[in-house]
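This report refers to the structure that appears directly beneath it.
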Amino acid sequence: MADKKMVEEITSMDVDFAQWYTDVVKKAELIDYTSVKGCMVIKPAGYALWELIQKHLDQRFKEAGVENVYLPMFIPESLLQKEKDHVEGFAPEVAWVTHGGLQPLQERLCVRPTSETLFCDFYKNDIHSYRDLPRVYNQWCSVVRWEKETRPFLRSREFLWQEGHTAHATEEEALERTIQMLNVYADFCEEVLAIPVIKGQKTDKEKFAGAVATYTIEALMHDGKALQSGTSHNFGDGFAKAFGIQFADKDNTLKYVHQTSWGLSTRIIGAIIMVHGDNEGLVLPPKVAPVQVCIVPIQQKKEGVLDKAYELRDRLNCHFRVKVDDSDKSPGWKFAEAEMRGYPLRVEIGPKDIEAGKCVICRRDTRQKVEVALEELEAKVEELLEIMHHDMLERARSHRDAHTYTAANMDEFVQIFNEKGGFVKAMWCGNEECEVQIKERLSVTSRCIPFEQEQIADTCVCCGKPAKKMVYWGRAY
RNA sequence: CGGCGCGUGGCUCAGCUUGGUAGAGCGCGGCGUUCGGGACGCCGAGGUCGCAGGUUCAAAUCCUGUCGCGCCGACCA
């Protein structure tokens with residue numbers, strides 16, 4: 001009966017991965033749907049996760065010299081129009097404000113889908129001299145893109161993110177910053193979220209509208225699909241010329257600034273779910289888990305049990321995020337609940353333990369239980385959280401490596417995507433036509449041209465002409 | 001924007017074919033017994049059946065329209 005019920009709660013990954021994802025998102029109480037399609041309520045469990053992601057990432061930004069600002073959410077249509085590629089890229093999915101109260105507006109306002117144009121408009125007046133450079137600003141905000149197809153975290157019409165926008169005196173400095181921030185994202189993903197990523201450059205077809213070059217970190221989900229998990233763009237002086245952002249350099253000549261932008265969104269929560277989750281529910285990386293240790297009292301009405309549970313909580317509270325589940329539910333219910341919500345460690349404490357001066361700790365990722373003497377609790381919790389992070393990262397890395405293939409020709413390429421999915425490393429001639437063909441035939445896209453290149457073959461996997469680069473290919477979210 | 005599906009207590013749904021007193025399970029509140037992997041008993045609260053028209057003595061049910069949500073495709077973080 002118990003087992004049957006659990007099976008009904010969360011659809012198995014192997015049966016229907018999309019349904020599993022939706023079930024986990026709902027059962028772990030990360031979000032709720034609302035009456036507006038593609039707009040979600042991020043509930044306490046989900047928002048606490050985002051806050052911890054923000055905290056860790058923002059700290060890394062500060063160490064990289066980033067300052068936070070806030071710009072408006074409205075962009076006048078004329079401003080959006082200034083950079084041609086940019087407006088063509090975003091126009092199909094912007095939401096427009098046409099009225100203020102009952103009065104039609106003279107010029108309609110778009111709700112920001114991204115803020116390049118606003119930053120440019122601001123920098124135009126803010127930057128006059130080389131002494132004003134560089135500008136390394138970031139904002140935490142929400143943006144709106146009127147997507148047709150929506151999914152919680154992965155593709156919503158409004159989503160939370162941070163967008164960094166920088167302006168530099170030289171091309172070299174801008175490029176350096178682009179790569180620096182990409183590395184911040186990659187390190188953050190591995191060191192904090194336990195998600196291994198591939199770093200590389202987007203092809204021209206896949207790059208950001210208006211960018212000279214887009215760099216990306218790509219992660220592989222449990223179902224073998226890829227997720228672009230963060231991007232960093234080098235704009236060169238394209239936006240500067242479109243917006244007229246000039247400064248007087250040391251030699252007293254007017255020069256255009258070179259710009260970058262980089263972003264990471266709540267989509268990364270989707271990555272956490274799909275990289276680490278299992279059939280019991282969410283598995284949260286210890287460093288961003290809103291609850292790292294959940295204490296479950298057994299026979300909590302017996303004298304002294306709850307007191308002991310609170311005492312352990314108070315001890316652990318100094319170093320970890322802890323909660324006691326002192327609800328009226330049965331222990332079994334609490335175990336399942338803690339697993340669904342992805343709490344990294346669960347401490348079980350009952351009369352037998354108290355008498356023996358110990359407790360039981362259960363790891364979420366492996367569900368292994370160990371008995372621990374109460375006096376060693378803090379040390380053991382710290383050790384287990386550390387090990388869990390390490391193991392989760394290694395498990396995700398092995399999964400990714402085991403689902404990364406090489407294809408020397410189109411037959412191999414097609415066979416892998418028909419039978420397995422995952423990442424495929426294959427050579428590319430550099431021609432967009434080949435990307436289009438591959439996409440039409442297999443709905444596979446180029447994920448990135450990785451920084452770490454290998455020579456898989458001499459010819460393009462698609463057309464057979466001489467190859468220029470090795471590319472990671474995959475089906476993507 | 002195309003395809004599919006769905007709107008009935010908080011949730012999941014039954015009821016609709018063949019019109020006639022609005023149901024179940026879970027959840028929720030109270031009391032009691034339980035407690036080491038989703039416990040159980042008793043009592044109780046809770047619904048303008050998405051919305052608008054129409055047909056009818058009578059509509060959750062039939063007809064027309066409309067709005068919304070979910071999933072799958074084309075486009076995107």
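Within every chain, numbering begins at 1; the chains are lettered A, B, ... in the order of the sequence lines, protein sequences first and strands thereafter.
- Between Gly230(A) and Arg151(A), the residue anchored nearer the 5' end of RNA chain B, judged by the nucleotide with its closest heavy atom, is Arg151(A).
- Under the rule for a side-chain hydrogen bond (donor to acceptor under 3.5 Å, both in side chains), the partners of Asp391(A) that lie at least two apart in sequence or sit in another chain are Arg363(A).
- Heavy-atom distances to RNA chain B give each of Arg157(A) and Gly38(A) a nearest nucleotide, and the one nearer the 5′ end belongs to Gly38(A).
- Across all strands shown, Gln19(A) has no heavy atoms under 4.0 Å from either base or sugar-phosphate atoms.
- Protein atom CD of Gln368(A) is 16 Å distant from nucleotide atom C1' of G37(B), rounded to whole Å.
- When each of A77(B), G37(B), C71(B) is scored by its nearest atom to the side-chain atoms of Glu339(A), the top-ranked nucleotide is G37(B).
- Residue contacts shown for Thr445(A) are absent, as no nucleic acid heavy atom lies under 4.0 Å away.
- Within the 4.0 angstrom heavy-atom criterion, only backbone atoms of the sugar-phosphate kind lie near Tyr33(A); the bases stay farther away.
- Remark: C1' of G10(B) and CD of Glu29(A) are 12 Å apart, rounded to the nearest angstrom.
- The side chain of Lys439(A) places an N or O atom within less than 4.0 Å of a non-bridging phosphate oxygen (OP1 or OP2) of C75(B).
- Using a 4.0 Å heavy-atom cutoff across all strands shown, Gln228(A) reaches sugar-phosphate atoms only and no base atom.
- With sequence neighbours left out, the side chain to side chain contact (heavy atoms under 4.5 Å, CB included) criterion links Arg397(A) to Glu190(A), Pro196(A), Leu393(A), Glu394(A), Arg400(A), Asp401(A).
- The pairing partner recorded for C40(B) is G32(B), the criterion being a Watson-Crick or G-U wobble arrangement whose two distances lie under 3.5 angstrom.
- As the counterpart of A74(B), no nucleotide is assigned, since no Watson-Crick or G-U wobble pattern has both distances under 3.5 Å.
- Taking atom CE of residue Met40(A) and atom P of nucleotide G70(B), one finds them 11 Å apart after rounding to whole Å.
- RNA chain B lies under 4.0 Å from no heavy atom of any residue of residues 206-213 of chain A.
- At the heavy-atom level, Cys39(A) lies nowhere under 4.0 Å from the strands shown.
- Across the strands present, C57(B) finds its partner in G20(B); the criterion is a Watson-Crick or G-U wobble pair with both atom distances under 3.5 angstrom.
- Not a single donor-acceptor contact under 3.5 angstrom links the side-chain atoms of Glu149(A) to the base of C71(B).
- Every salt bridge (Lys or Arg N to Asp or Glu O under 4.0 Å) that Glu77(A) has, sequence neighbours left out, goes to Arg108(A).
- Taking Gln228(A) as the reference, Lys202(A) meet the side-chain hydrogen bond (donor to acceptor under 3.5 Å, both in side chains) condition, with sequence neighbours excluded.
- Listed nucleotides: A77(B), C35(B), C76(B). Nearest to the side chain of Ser265(A): A77(B).
- In this structure, Lys225(A) satisfies the cation-pi test against Tyr477(A), with its NZ or CZ atom closer than 6.0 Å to the six-membered ring centre and inside 45 degrees of the ring normal.
- For C35(B), the OP1/OP2 oxygens have no side-chain nitrogen or oxygen of Ser330(A) closer than 4.0 Å.
- Summarising the geometry, the separation between CH2 on Trp20(A) and P on G70(B) is reported as 19 Å, rounded to the nearest angstrom.
- Distance Trp333(A) CH2 to C35(B) P: 19 Å, rounded to the nearest Å.
- In this view, Lys287(A) satisfies the salt bridge (Lys or Arg N to Asp or Glu O under 4.0 Å) rule with no residue, not counting sequence neighbours.
- Under a cutoff of 6.0 Å and an axis angle of 45°, Arg346(A) and Phe335(A) form a cation-pi pair.
- Within 4.0 Å (heavy atoms only), Lys352(A) reaches at least one base atom of the nucleic acid.
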